Asker: 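Supplied in structure tokens, the structure appears directly below.
Model, not experiment: these values are computed from the prediction.
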Amino acid sequence: MTDKVAVVTGSNKGIGYGIVKELCSRGVSTVYLTARDVKRGQQSVENLKREGFKPEFHQLDVTDSKSVEKFANHLKQKHGGLDILINNAAIIQQNIMKTTYEEAKKVMDVNYRSMFIIEKYLFPILKQNARVINVSSDLGHISNLKNSYWINRLTKDDIEVQDIDDFVDWFLASIKNGTLKEEDFAVTAYLAYRMSKVAVCALTRVQYRKIDRNISINSLHPGFVKTDMTQHNGFMTVEQSGKTPVYLALDCDQSVKGKFIWYDKSENDWTNRNLALLCTDKDSVQKYVTLLISRT
Ligand code: NDP
């Protein structure tokens, strides 16, 4: 039994659910399965209990300050804080090739801007040597972006939140005003989602430098996993996808900070704009998109 308190956001299904299961099976004493919808969350806790696991449940909508504050107060009062925080909750756009400004903004609000609500209420109660894992994506690697000005601002060593906020504002404004240029991006499929995950990885590079208490913060590509988000395409089950996040939470050296971790536990240089990834290969993406469209 590992005497730690762990929290996984958006864990009523998918990868988050797999992470909760893995944390429980590794003997972490208190694991919070959280969900924005109480019914869905409690149902998932019941499912895990039937398998012999004993996660706790708490409501948590990462975009709702009141919900996050309430949960933070609960954790402080009941446990004095937390040791492991896995920021997993996210959404993807419905239309693969195009998105409206409203939807792109929503994707940014849930996937990127919610991180500041989490930072405000949950970071202060993180214990000494705590670990934070920001679940990003291969679609969040810097090679997804081709605009040199933004690549330079996001990859510099002394990046600040303002750089990322400016990037997100520029992206959203370009959708709103119809000024978006395809050549600024490697691939335009799921573009708002891609750019939200670029922002998450960039933010991780700020957060790890600013936080004290020897806390480690890393971002992660969890692999291509069969979940609702991928319409159950992928080469990993949710159970398999829980392994690397839990490795980062329990086994990895505390000195690993501000890195972009791949699902096989290796480190990928997030700042390398020339890294050839499958998610930025136009032909591969086109094949995947064609498959998805043919199924809908
Ligand atoms: P799913 O869509 O299966 O699950 C997403 C989870 O996030 C659900 O529990 C959902 O809750 C929750 N969620 C959404 N919005 C909020 C919110 N405002 N507050 C709290 N919870 C919320 O996705 P995956 O499991 O596939 O994805 C998990 C993470 O992994 C995401 O960050 C995703 O971007 C990332 N990822 C996934 C990949 C894959 O191949 N599956 C590949 C790369 C990255 P609800 O049920 O209420 O909607």
Asker: Do you see a donor-acceptor pair shorter than 3.5 Å between the side chains of E51 and N47?
Answerer: no
Asker: Can any side-chain N or O of Q59 pair as donor or acceptor with the backbone N or O of R36 at less than 3.5 Å?
Answerer: yes
Asker: Kindly write out the residues that satisfy side chain to side chain contact (heavy atoms under 4.5 Å, CB included) with D251, not counting sequence neighbours, or none if the list is empty.
Answerer: R26, Y247
Asker: Go through Y288 and Y190 one step at a time and tell me if the ring-ring contact (aromatic ring centres under 6.0 Å, His included) criterion holds.
Answerer: CA-CA 12 Å; Y288 177 60; Y190 290 120; 7.0 Å; no
Asker: Is it the case that over 12 heavy atoms from other parts of the model lie below 6.0 angstrom from the NZ atom of K127?
Answerer: yes
Asker: If you define the side chain from C-beta out and look only at heavy atoms, does anything of F171 sit under 4.5 Å from S196?
Answerer: no
Asker: A side-chain contact here means heavy atoms from C-beta on lying under 4.5 Å apart; do W270 and H141 qualify?
Answerer: yes
Asker: Walk me through whether L60 and H58 qualify under side-chain contact (heavy atoms from CB on, under 4.5 Å).
Answerer: CA-CA 6 Å; L60 184 67; H58 205 284; 5.5 Å; no
Asker: Is it true that K98 and E103 make a salt bridge, defined as a side-chain N closer than 4.0 Å to a carboxylate O?
Answerer: no
Asker: For the side chain of T9 and the backbone of N88, is there at least one donor-acceptor N/O pair under 3.5 Å apart?
Answerer: yes
Asker: Quick test of your reading of the model: are K78 and E56 salt-bridged, counting only N-O distances below 4.0 Å?
Answerer: yes
Asker: Taking it one step at a time, do D184 and W170 satisfy side-chain contact (heavy atoms from CB on, under 4.5 Å)?
Answerer: CA-CA 12 Å; D184 283 337; W170 163 78; 3.6 Å; yes
Asker: Run the side-chain contact (heavy atoms from CB on, under 4.5 Å) test on C279 and N144 for me, step by step, so that the C-alpha distance in whole Å, both residues' side-chain angles and the decisive distance to 0.1 Å come before the verdict.
Answerer: CA-CA 8 Å; C279 65; N144 285 274; 4.0 Å; yes
Asker: Where the side chain of T227 meets the backbone of M229, is there a donor-acceptor pair that is under 3.5 Å apart?
Answerer: yes
Asker: Return yes if some donor-acceptor pair links the side-chain N/O of T280 with the main-chain N/O of A276 below 3.5 Å, else return no.
Answerer: no
Asker: Taking atom types as modelled and ignoring hydrogens, do the side chains of S255 and D253 form a donor-acceptor contact shorter than 3.5 angstrom?
Answerer: yes
Asker: Would you find more than 12 non-hydrogen atoms of other residues, nucleotides or ligands less than 6.0 Å from K146 atom NZ?
Answerer: yes
Asker: Take atom NZ in K156; do more than 12 heavy atoms of anything else shown fall under 6.0 Å from it?
Answerer: yes
Asker: Start with the C-alpha gap between L180 and L191, add the side-chain angles, then the distance that decides, and say whether side-chain contact (heavy atoms from CB on, under 4.5 Å) holds.
Answerer: CA-CA 11 Å; L180 189 117; L191 192 57; 3.8 Å; yes
Asker: Any non-hydrogen side-chain atom of I91 less than 4.5 Å from a side-chain atom of V107?
Answerer: yes
Asker: Under 4.5 Å between side-chain heavy atoms, hopping through other hydrophobics if needed: is there a path connecting V62 to V168?
Answerer: no
Asker: Can R209 and E160 be counted as an ion pair, charged N to O under 4.0 angstrom?
Answerer: yes
Asker: Return yes if some donor-acceptor pair links the side-chain N/O of T230 with the main-chain N/O of N233 below 3.5 Å, else return no.
Answerer: yes
Asker: Taking the basic N atoms (NZ, or NE/NH1/NH2) and the acidic carboxylate oxygens, is any pair closer than 4.0 Å for K243 and E22?
Answerer: yes
Asker: Looking at T155, is its backbone amide N or carbonyl O close enough to the side chain of T271 to form a donor-acceptor pair, meaning the two atoms are under 3.5 Å apart?
Answerer: no
Asker: Side-chain contact, heavy-atom cut-off 4.5 Å: Q254 with R131?
Answerer: yes
Asker: Establish, for the pair K257 and Y208, whether the NZ or CZ atom is under 6.0 angstrom from the six-membered ring centre and no further than 45 degrees off its axis.
Answerer: no
Asker: Are I125 and I133 connected in the hydrophobic side-chain network, where two residues link if heavy atoms are under 4.5 Å apart?
Answerer: no
Asker: In plain terms, say whether K287 and D283 are close enough for a salt bridge, that is, a side-chain N and a carboxylate O under 4.0 Å apart.
Answerer: no
Asker: Report yes or no: does T34 contribute a side-chain atom to a donor-acceptor pair with the main-chain N or O of V8 at less than 3.5 Å?
Answerer: yes
Asker: Tell me whether D3 at atom CG has more than 12 heavy atoms from other residues, nucleotides or ligands lying less than 6.0 Å away.
Answerer: no
Asker: Do the side chain of R153 and the main chain of F167 share a donor and acceptor less than 3.5 angstrom apart?
Answerer: no
Asker: Would you confirm whether S29, through its side chain, and K4, through its main-chain N or O, come within 3.5 Å as a donor-acceptor pair?
Answerer: yes
Asker: Is the shortest heavy-atom distance from the side chain of H74 to the side chain of Y32 under 4.5 Å?
Answerer: yes
Asker: Less than 4.0 Å between a side-chain N and a carboxylate O, is that true for R113 and D169?
Answerer: yes
Asker: Does R205 reach the main-chain N or O of L154 with its side chain, forming a donor-acceptor pair under 3.5 Å?
Answerer: yes
Asker: Testing the 3.5 Å rule here: is there a donor-acceptor pair between the side chains of D64 and S67?
Answerer: no
